[in-house]
Amino acid sequence: MQPPAPSLSAEEIRAIIHRHLALEGPLLPILHALQEACGHIPEAAREPVCDALNITRAELHGVITFYHDFREAPAGRHVLKICRAEACQAMGGAALAEAALARLGLGWHGTTANGAVTVEPVYCLGLCACAPAAMLDERPVGRVDRARIDALLAEAGA
Amino acid sequence: MRIWVPGDSAARALGADEVAEAIAAEARARGIEAQIVRNGSRGMIWLEPMVEVEIDGVRCGYGPVVPADATAILSGEAACALGPVEALEWMRRQTRLTFARVGVIDPLSLAEYEAHGGLTGLRRALAMDGAAVIEEVSASGLRGRGGAGFPTGIKWKTVHDAPGAQKYIVCNADEGDSGTFADRMLMEGDPFSLIEGMAIAAHAVGASKGYVYLRSEYPDAIRVMARAVEIAREAGILGADALGPGRAFDIEIRKGAGAYVCGEETSLLNSLEGKRGIVRAKPPLPALEGFMGRPTIVNNVISLATVPVIMEKGAAHYAGFGLGRSKGTVTLQIAGNVKRGGLFETAFGMTLGEAVEDLGGGSATGRPVKAVQVGGPLGAYMPVSMFDTPLGYEEFDAAGGLIGHAGLVIFDETADMLGMARFAMEFCAIESCGKCTPCRIGAVRGVETIDRIREGDPTALPLLADLCETMKDGSLCALGGFTPFPVMSAVRHFPDEFATAKEAAE
Ligand SMILES: Cc1cc2nc3c(=O)[nH]c(=O)nc-3n(C[C@H](O)[C@H](O)[C@H](O)COP(=O)(O)O)c2cc1C
Ligand code: SF4
């Protein structure tokens with residue numbers, strides 16, 4: 001079961017867009033703010049964003065899909081990012097991630113059936129001297145082993 | 001009683017928050033008046049969380065600390081006592097110029113920043129004209145620490161000389177290379193030095209606006225930098241009269257969105273403008289037509305944060321360190337499978353082997369070291385036989401590698417080099433901006449070709465070499481152009497793993 005998609009009213013969407021319009025190059029800040037408010041870039045925001053910035057729907061779609069961070073649908077209640085980059089691989093990160101995904105029965109970007117956790121790959125968290133590394137929501141975790149991953153997943157309700 | 005528990009995200013990743021809480025609770029229980037500072041990290045990540053306690057005016061270290069050590073630390077009898085931190089070999093052997101304050105001060109205390117030499121460089125710069133500041137930066141020999149090693153002074157002069165009423169300073173804080181964390185540590189541990197460096201740059205070239213493009217994978221650094229900018233604004237270091245009466249300079253922190261290629265400067269500028277992070281062809285140089293088509297300095301965090309100390313101590317002091325045309329210090333980031341990982345700032349010239357074996361202490365697993373990837377995912381795998389290569393731009397270039405952002409990722413003998421070559425191609429395919437066919441399609445073919453090598457197809461290896469040549473020649477930026485470095489260095493230095501893959505599988 002996916003968590004219910006949090007929605008934003010037209011008014012809230014307008015307010016978020018408006019707050020950033022004075023910036024030079026406001027699109028990424030607007031997209032981050034929308035996603036922060038409701039976990040993804042809601043379909044209902046596309047038209048007002050395009051209108052406010054005078055860009056086409058195709059241009060907006062191009063930007064949203066270019067960046068790994070932006071979601072077109074909400075993620076689970078928590079996001080566990082596991083580093084796949086070289087320094088973590090040097091410490092056995094790849095096998096660790098594979099085992100965690102296998103236990104959950106998920107692929108990368110998958111969300112547990114109860115909607116609690118989405119597991120995503122990340123390419124470096126800057127924790128390369130205490131690899132392997134992961135991040136649960138915004139909390140960094142170093143020297144991750146199987147027990148640590150299981151504890152994080154349990155904490156997140158997976 | 002003054003106590004330091006790092007708030008650096010590597011320290012937090014190893015339990016520093018829990019340690020800080022335990023010490024605070026223990027101090028309360030015992031009625032000790034404890035002032036706990038969340039400092040940056042000293043860079044000895046293997047000792048994190050490393051707690052420091054001031055005893056008779058000397059900062060004594062304990063680490064790695066677990067919450068249960070709180071009692072013993074407050075009684076002065078913890079078994080993990082390291083002695084005075086400044087006397088530790090790791091600290092004594094360094095030349096800390098850029099990182100002089102990191103781990104020492106409270107990152108968000110402007111008063112401590114100033115007490116440790118902060119703002120001296122900016123004040124001196126503001127008393128000079130822009131051209132003289134650029135002359136000083138040029139004379140220091142500072143080269144860009146983001147990867148390409150381009151002379152910072154020349155870039156600044158181009159922006160200075162460019163016509164235009166509005167110019168920009170853009171700090172590249174996208175730090176996407178695996179094995180690197182110097183930018184993160186600096187921003188979390190001494191954010192004002194970056195702000196000061198950007199203000200000096202703004203004064204030098206006549207810019208009024210700065211941006212820090214900071215990757216979203218660094219939430220702690222984003223928080224610290226954003227707060228530091230507010231504090232600097234309140235203190236008038238940023239704002240309407242930052243560079244003198246009527247001479248404005250302000251900084252905005254912009255969050256990246258998880259694209260590695262946005263570390264490439266022109267892709268970064270497109271991203272800042274709200275576009276897809278597609279790489280732009282050069283010319284025009286960003287220095288002439290950068291952000292919004294206007295003259296723009298794009299510099300790495302470490303490049304900019306090194307400028308204040310150059311202005312404070314003078315170009316000659318900085319240029320007095322180093323090797324050949326690699327002047328000053330390099331902030332080595334020792335990472336991966338290593339016993340003592342962390343950040344070590346030293347003059348250019350130390351050999352790779354000294355950094356790995358002597359500083360790093362060899363592998364974490366205790367097995368022999370097999371290879372070191374230097375300079376991130378686009379850097380070569382250096383085998384042990386090349387450990388005598390001195391850390392210098394030209395020296396690494398001659399050895400078929402690159403220093404890049406000076407990250408060293410160490411692998412022990414169990415590393416699967418064919419697998420690492422495959423990963424380099426896979427990473428390029430995932431992160432390609434899509435502009436050039438050799439990169440976008442070539443990297444996908446590269447993964448397939450390496451799979452065929454693993455399956456024992458004898459025609460695949462020459463094909464891989466060909467493909468790498470095409471990627472090198474036909475790519476607009478170093479993502480497609482340099483991915484062949486890790487791939488072909490693995491082939492060259494570990495040929496058995498590519499030749500006998502079939503027999504091994506059977
Ligand atoms: C694919 C790619 C990724 C890059 N990533 C970064 C990065 O994360 N940080 C950085 O400072 N420079 C990065 N660079 C280098 C920048 O393009 C540019 O050279 C640098 O920001 C200039 O600043 P500097 O002269 O101070 O080094 C990257 C280059 C390429 C081709
Ligand atoms: S080499 Fe790759 S990342 Fe660089 S411009 Fe070409 S397609 Fe884009």
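Computation of the quantities below employed the complete heavy-atom set of this structure, encompassing side-chain atoms and omitting hydrogens, waters and symmetry-equivalent molecules. Below, chains carry the letters A, B, ... as their sequence lines are ordered, and counting in each starts from 1.
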Review point. About how many Å separate CD of A/Glu24 and CD of B/Glu252, when rounded to the nearest 0.5 Å?
Key: 7.5 Å

Exercise for review: To the nearest 0.5 Å, tell me how far A/Leu125 CG sits from B/Tyr218 OH.
Suggested key: 8.0 Å

Check your understanding: Take atom CZ in A/Arg14; do more than 12 heavy atoms of anything else shown fall under 6.0 Å from it?
Key -> no

Exercise for review: First locate atom CG of A/Leu23, then atom CZ of B/Arg254, and finally report the distance between them rounded to the nearest 0.5 Å.
Suggested key: 5.0 Å

Revision key, fill the gap. Turns out that what part of B/Lys255 lies under 4.5 Å from chain A's heavy atoms comes down to both

Review point. Just wondering, are more than 12 heavy atoms of other shown residues or ligands nearer than 6.0 Å to CD in B/Glu413?
Key: yes

Review point. Quick one: what part of B/Glu188 sits under 4.5 Å from any heavy atom of chain A, side chain, backbone, both or neither?
Key: neither

Review point. Side chain, backbone, both or neither: which part of B/Arg215 has a heavy atom under 4.5 Å from chain A?
Key: side chain

Practice item. Check whether any side-chain heavy atom of A/Phe66 lies under 4.5 Å from a side-chain heavy atom of B/Ile278, and answer yes or no. Key: yes

Check your understanding: Where do B/Gly342 and A/Ala129 come nearest, in terms of heavy atoms and distance?
Key -> N-CB, 3.7 Å

Exercise for review: Provide the closest heavy-atom pair for A/Cys124 versus B/Ser178 in the form atom of the first, atom of the second, distance.
Suggested key: SG-CA, 3.7 Å

Check your understanding: At a heavy-atom separation under 4.5 Å, does B/Asp177 approach chain A through its side chain, its backbone, both, or neither?
Key -> backbone

Exercise for review: Under 4.5 Å, counting heavy-atom pairs only, tell me which of A/Gln35, A/Glu59, A/Arg143, A/Lys81 racks up the most with chain B.
Suggested key: A/Arg143

Practice item. Would you name the heavy atoms of A/Met91 and B/Ala364 that are closest together and state the gap between them? Key: CE-CB, 4.0 Å

**Study point:** Contacting region of B/Leu408 [heavy-atom separation from chain A under 4.5 Å]
**Key:** neither

Check your understanding: Among A/Arg139, A/Met135, A/Arg84, which residue forms the greatest number of heavy-atom pairs with chain B at distances under 4.5 Å?
Key -> A/Arg84

**Study point:** Student check: side-chain heavy atoms of B/Arg276 and A/Thr65 closer than 4.5 Å
**Key:** yes

Point to revise | Considering all heavy atoms, the nearest B/Asn337-A/Ala90 contact | key: ND2-O, 3.3 Å

Exercise for review: Flag the pair A/Glu138 and B/Arg223 as a salt bridge only when some basic side-chain nitrogen lies within less than 4.0 angstrom of an acidic carboxylate oxygen.
Suggested key: yes

Point to revise | B/Phe427/A/Tyr123 under ring-ring contact (aromatic ring centres under 6.0 Å, His included): CA gap, chis, key distance, verdict | key: CA-CA 9 Å; B/Phe427 182 72; A/Tyr123 298 92; 5.3 Å; yes

Exercise for review: Please round to the nearest 0.5 Å and tell me the distance separating atom SG of A/Cys128 and atom CD1 of B/Ile334.
Suggested key: 12.5 Å

Point to revise | Toward chain A, the part of B/Ser9 with a non-hydrogen atom under 4.5 Å | key: both

Review point. Can you tell me if CG on A/Asp51 sees more than 12 non-hydrogen neighbours from other groups inside 6.0 Å?
Key: yes

Review point. Closest approach of A/Pro140 and B/Arg12, non-hydrogen atoms and distance?
Key: CD-NH1, 3.8 Å

Point to revise | From A/Cys130 atom SG to B/Ile45 atom CD1, the distance as rounded to the nearest 0.5 Å | key: 6.5 Å

Exercise for review: Under 4.5 Å heavy-atom distance to chain A, tell me which part of B/Met420 shows up: side chain, backbone, both or neither.
Suggested key: side chain

Exercise for review: Report the C-alpha separation of B/Cys262 and A/Tyr67 in whole Å, then their side-chain angles, then the decisive distance to 0.1 Å, and conclude whether the side-chain contact (heavy atoms from CB on, under 4.5 Å) test is met.
Suggested key: CA-CA 10 Å; B/Cys262 286; A/Tyr67 297 97; 3.7 Å; yes

Practice item. Identify the heavy atoms of B/Gly274 and A/Val63 that sit nearest to each other, and give their distance. Key: O-CG2, 3.7 Å

Point to revise | Option in B/Pro377, B/Gly176, B/Gly360 with maximal non-hydrogen atom pairs under 4.5 Å from chain A | key: B/Pro377

Point to revise | Option in B/Ala335, B/Ala257, B/Gly258, B/Ser216 with maximal non-hydrogen atom pairs under 4.5 Å from chain A | key: B/Ala257

Point to revise | chain A contact via B/Glu175 - which portion, at a heavy-atom distance below 4.5 Å | key: neither

**Study point:** Side chain, backbone, both or neither of B/Tyr260 within contact of chain A (heavy atoms, under 4.5 Å)
**Key:** neither

Exercise for review: Look at B/Gly256, B/Ala415, B/Ala424 and state which one has the largest set of heavy-atom pairs under 4.5 Å with chain A.
Suggested key: B/Gly256

Point to revise | Contact origin within B/Ala10 toward chain A - heavy atom pairs under 4.5 Å | key: both

Review point. Can you check side-chain contact (heavy atoms from CB on, under 4.5 Å) on A/Leu28 and B/Ser271, steps first, answer last?
Key: CA-CA 8 Å; A/Leu28 261 64; B/Ser271 183; 3.3 Å; yes

